[in-house]
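Beneath this line is the structure, given in structure tokens, with notes to follow.
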Amino acid sequence: MTSTSEANKERNREIARNEEAKQITGSIRVSTWAVAVAVIIGGILFTLGWLSLR
């Protein structure tokens, strides 16, 4: 009975580690998209400002 309980605990720990890795990967992906969108919007605003001063 104890070995089954220990096996379940280890399985749950492994699942928790996998979920944590997925969350980290998802957060990095979202951050990358946010930076890319900010750079694109900044580029557009910079271009519009530069053109309005010319």
Side-chain angles (χ1 to χ4, degrees):
M1 189 76 170
T2 304
S3 66
T4 303
S5 177
E6 289 297 320
N8 283 338
K9 285 182 183 178
E10 183 57 36
R11 180 175 173 270
N12 289 339
R13 286 187 196 108
E14 185 64 30
I15 290 170
R17 282 192 290 268
N18 289 341
E19 287 298 319
E20 183 180 9
K22 286 180 185 179
Q23 286 180 349
I24 291 170
T25 303
S27 296
I28 291 170
R29 189 173 296 132
V30 169
S31 298
T32 303
W33 275 107
V35 169
V37 168
V39 168
I40 291 169
I41 291 172
I44 290 170
L45 292 175
F46 176 79
T47 303
L48 290 174
W50 182 71
L51 289 174
S52 70
L53 292 176
R54 284 188 104 210

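Just so you know, residue 1 is the first one in the sequence shown, and it goes up from there.
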#### Entry: Qualifying salt bridge (charged side-chain N to carboxylate O under 4.0 Å, His left out) pairs, either residue in residues 33-54, two or more places apart
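Every candidate salt bridge (charged side-chain N to carboxylate O under 4.0 Å, His left out) pair involving residues 33-54 fails, so no pair, neighbours aside, qualifies.
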**Request:** Using side chain to side chain donor-acceptor pair (under 3.5 Å) as the criterion, list what pairs up with Glu10, not counting sequence neighbours.
**Result:**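 With neighbours one apart ignored, the set is Arg13, Arg17.
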Taking everything shown except Glu14 itself, do over 12 heavy atoms lie less than 6.0 Å from its CD?
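Enclosed.
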- request: Working to the nearest 0.5 Å, report the span between CG of Leu45 and CD1 of Ile40.
  value: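 Answer rounded to 0.5 Å: 12.0 Å.
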* To do: Would you give the length of the straight line joining atom CD1 of Ile24 to atom NZ of Lys22, rounded to the nearest 0.5 angstrom?
  =>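 Between atom CD1 of Ile24 and atom NZ of Lys22 there are 13.0 Å.
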